[in-house]
Amino acid sequence: MGIKKRRALQMGRLVLEAQSGFQYMTPSYLAIYNQLQFIVQSRIKGAVTMITGQPGCGISTLLSHVVKYHSAHVLLLSGNIFVGETNIIDHICADFHLEGTKKAGAIPAYLPIFASATGRQTLVIDDLDIYIERECDLTEVFKFFQAVGKGEHAISVIFSTRNTRLIRNFHVHRLANWQAYDLADHLNLSDFNSVAIRVWELCNQQVNMKTPTPSNLEQTAVDCGMRLHLAQTALRICYVEHLLCSTGVILPERDKWTLKDYELELLQICYS
């Protein structure tokens, strides 16, 4: 028996507005996660790990898993740290309600002591600023990384960034215990197929249905430029289109819209 139009519109809203449950660890990312987990659990001092990748490829999801499952051992710094106005140590101290230091690049003695005493000895920085451009600011960041990397302080750092100069300098200045992961090197169609099936299952859970997965899920990943976030949005749109079309709702032509605009248009239809 088919569903009624009003019910289809209601279910479409549920799918498009759902927030929880759509973060998913791909099989390839799981290997990276295990490496990050080892750094945190083993309390390895001096490790500096950089995660890079295109927007929407799953960096924040990866780091959120580290923070969620190791919250007792991790100090999470706010994203988009702007180093241009104050030094990175001041930012770190401010985030954790510690008094900052006037000397740029110098880690205050009480920071590692605080970290060691609390057991939270890994600093996680999601999206270390994409706006760092001045050479003095980049130098300051690497002074901090080098101080940590020499193992003189009982802390480690895991950070993500899309700042091309920061990425380039990281490879130029890297020490033996610095490591980098570009998530673009750890994604394949098998991962996207796994994500697609997961997203479709979650959509079915949202509306308590068992709509079968379409046969062209991998093509969605390719169409979205292998970006996890965009692929998940596109898959949710596909699901809602299926719901609405099954009840005769007239949909706009998708090729006239960007993905985000089309998603908003569908949401407006679901509220009509």
> Which is it for E263 and K260 under the salt bridge (charged side-chain N to carboxylate O under 4.0 Å, His left out) test, yes or no, and what are the steps along the way?
CA-CA 5 Å; E263 181 186 24; K260 193 63 181 177; 3.2 Å; yes

> By the definition side-chain contact (heavy atoms from CB on, under 4.5 Å), identify the one residue from L14, V15, V240 that meets it with C203.
V15

> Measure across T122 and I39 and return the closest heavy-atom pair with its distance rounded to 0.1 Å.
OG1-O, 4.4 Å

> If I take atom CZ from residue F142 and atom CH2 from residue W178, how far apart are they, to the nearest 0.5 angstrom?
6.0 Å

> Counting C-beta onward and ignoring hydrogens, is there a side-chain heavy-atom pair between I44 and S156 closer than 4.5 Å?
no

> Whether the side chain of T247 engages the backbone of L244 through a donor-acceptor N/O pair (distance < 3.5 Å, no angle test) should be reported.
yes

> Is there side-chain contact between M11 and Y239, with heavy atoms separated by less than 4.5 Å?
no

> Can you check whether I51's main-chain N or O pairs, donor with acceptor, with S160's side chain at less than 3.5 Å?
no

> On a heavy-atom basis, which atom in A8 and which in L243 lie closest, and how many Å separate them?
CB-O, 3.8 Å

> Going hydrophobic residue to hydrophobic residue with side-chain gaps under 4.5 angstrom, can you get from L76 over to V66?
yes

> To check you understand the geometry: which heavy-atom pair defines the closest contact between W200 and P212, and what is its length?
NE1-O, 3.2 Å

> Supply the atom-to-atom distance H65 NE2 to L36 CG, rounded to the nearest 0.5 angstrom.
12.0 Å

> Assess, by modelled atom type and distance only, whether the side chains of R13 and Q10 contain a donor and an acceptor separated by less than 3.5 Å.
no

> For the residue pair H73 and R43, establish whether any side-chain heavy-atom pair is separated by less than 4.5 Å.
yes

> Measure the CG-OG distance between D127 and S60 for me, rounded to the nearest 0.5 Å.
7.0 Å

